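All residue numbers in this chain count up from 1 along the given sequence. Predicted, not measured: the structure shown is a model, and the values here were computed from it. Scope of the values below: all heavy atoms of this structure, side chains included, with no hydrogens, waters or symmetry mates.
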Amino acid sequence: MRFRFCGDLDCPDWVLAEISTLAKISSVKLKLICAQVLRDLLGEAIEYEKILKLTSDAKLESGDVKATIAVLGFILSSAAKHNVDSESLSSELQQLGLPKEHAGGLCRSYEEKQSSLQDSLRACSLRLSQLGSVGWRVDYTLSSSELREVNEPLVHLTFNLRDGERGRTAAVPVVLSADKFRVLLAELKQAQALMNTLL
């Protein structure tokens with residue numbers, strides 16, 4: 001069977017295996033665990049101790065608790081990626097064997113954070129590095145003992161890039177003639193206009 005929250009593909013086997021683990025937790029506690037997983041997906045700190053307390057009465061082992069966090073993270077992020085509404089998600093989770101009350105609680109949590117989750121996923125998708133800042137200066141040499149004609153200004157650009165995975169910053173210097181800078185600027189404006197039509 002194909003599921004929308006899996007991108008119209010079959011549900012992964014490991015997700016099917018963990019549905020029974022989710023069913024062992026009460027629906028109220030599952031909703032609270034979903035809130036913690038959503039915090040993690042939105043870039044906030046997850047409170048692992050709180051999750052351990054919530055799962056203590058279900059007598060889950062440490063590996064099952066981690067698997068629960070992983071499967072909830074997969075379900076919530078995949079549903080957001082594929083723009084699945086909460087009703088469809090609830091129906092699909094019930095088809096996989098999750099009790100109705102559990103699916104309802106999970107989907108209510110998902111519905112509350114769906115747009116912010118999609119924004120967060122959009123912000124970090126397909127991004128290896130991020131432009132931190134740009135520094136520039138223009139040099140215009142009036143005379144030189146090495147050159148006969150020096151009528152052209154040079155544009156010095158420094159792109160400060162932040163590595164998305166490691167968080168380090170690297171400076172990338174570029175020196176352009178005035179003509180090449182005009183071409184670069186025109187092409188960047190075209191790219192920005194094209195990107196604005198996609199948003």
Side-chain angles (χ1 to χ4, degrees), residues 1-130 164-167 194-199:
M1 249 177 109
R2 300 186 183 284
F3 296 92
R4 283 184 56 205
F5 83 93
C6 295
D8 289 323
L9 298 172
D10 289 337
C11 186
D13 292 338
W14 71 273
V15 174
L16 288 172
E18 295 306 323
I19 291 290
S20 62
T21 307
L22 295 179
K24 292 178 187 175
I25 304 166
S26 74
S27 59
V28 174
K29 290 184 177 179
L30 183 66
K31 188 171 189 243
L32 294 171
I33 295 169
C34 279
Q36 288 298 316
V37 172
L38 282 165
R39 282 175 51 119
D40 183 45
L41 291 172
L42 293 170
E44 298 173 29
I46 190 169
E47 296 176 39
Y48 194 69
E49 297 80 29
K50 198 179 231 183
I51 293 174
L52 286 174
K53 284 181 188 174
L54 291 168
T55 56
S56 62
D57 64 337
K59 295 186 174 44
L60 297 180
E61 294 179 19
S62 154
D64 289 335
V65 174
K66 290 177 183 175
T68 298
I69 294 169
V71 77
L72 288 173
F74 174 81
I75 290 169
L76 295 167
S77 63
S78 291
K81 283 178 197 171
H82 299 293
N83 199 24
V84 179
D85 60 281
S86 60
E87 287 180 26
S88 299
L89 180 60
S90 177
S91 170
E92 290 183 353
L93 291 173
Q94 288 174 54
Q95 289 173 31
L96 292 172
L98 193 65
K100 187 175 184 177
E101 309 80 44
H102 290 65
L106 188 151
C107 291
R108 278 191 294 280
S109 295
Y110 167 71
E111 190 174 22
E112 290 169 8
K113 300 286 185 179
Q114 182 180 4
S115 62
S116 55
L117 183 55
Q118 287 174 327
D119 291 342
S120 174
L121 292 170
R122 199 174 291 122
C124 65
S125 70
L126 299 176
R127 181 166 292 164
L128 299 175
S129 60
Q130 190 174 15
E165 293 178 8
R166 293 179 206 75
L194 182 63
M195 287 170 44
N196 287 337
T197 62
L198 298 174
L199 295 176

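- For the ring-ring contact (aromatic ring centres under 6.0 Å, His included) condition, no pair includes a residue of residues 87-121, sequence neighbours left out.
- Annotation: salt bridge (Lys or Arg N to Asp or Glu O under 4.0 Å) contacts involving residues 66-86, sequence neighbours excluded, comprise R4-D85.
- Between L96 atom CG and L22 atom CG the span is 10.5 Å, to the nearest 0.5 Å.
- The closest side-chain heavy-atom distance from L106 to L89 is below 4.5 Å.
- Every residue two or more places apart in sequence or in another chain was checked for a salt bridge (Lys or Arg N to Asp or Glu O under 4.0 Å) with D10, and none qualifies.
- When the salt bridge (Lys or Arg N to Asp or Glu O under 4.0 Å) test is applied to D119, the partners found at least two apart in sequence or on another chain are R122.
- Under the rule for a side chain to side chain donor-acceptor pair (under 3.5 Å), D40 has no partner lying at least two apart in sequence or in another chain.
- With sequence neighbours left out, E47 forms a salt bridge (Lys or Arg N to Asp or Glu O under 4.0 Å) with R39, K50.
- For the salt bridge (Lys or Arg N to Asp or Glu O under 4.0 Å) condition, the pairs that include at least one residue of residues 16-34, sequence neighbours left out, are K29-D57.
- Pairs of residues two or more places apart, or lying in two chains, never qualify as ring-ring contact (aromatic ring centres under 6.0 Å, His included) while including a residue from residues 33-72.
- For the side chain to side chain donor-acceptor pair (under 3.5 Å) test, no residue two or more places apart in sequence or in another chain qualifies with S120.
- Listed by first and then second residue, the salt bridge (Lys or Arg N to Asp or Glu O under 4.0 Å) pairs that reach into residues 96-114 come to none, sequence neighbours excluded.
- Remark: side-chain polar atoms of Q118 are paired, donor with acceptor, to backbone N or O of A80 under 3.5 angstrom.
- For the residue pair S90 and Q94, a side-chain donor N or O sits within less than 3.5 Å of a side-chain acceptor on the partner.
- Residue pairs that meet the ring-ring contact (aromatic ring centres under 6.0 Å, His included) test with at least one member in residues 19-40, sequence neighbours left out, do not exist here.
- Every pair tested for ring-ring contact (aromatic ring centres under 6.0 Å, His included) that includes a residue from residues 20-43 fails, sequence neighbours excluded, so the list is empty.
- In this structure a side-chain-to-backbone donor-acceptor pair under 3.5 Å is missing from S78 to I75.
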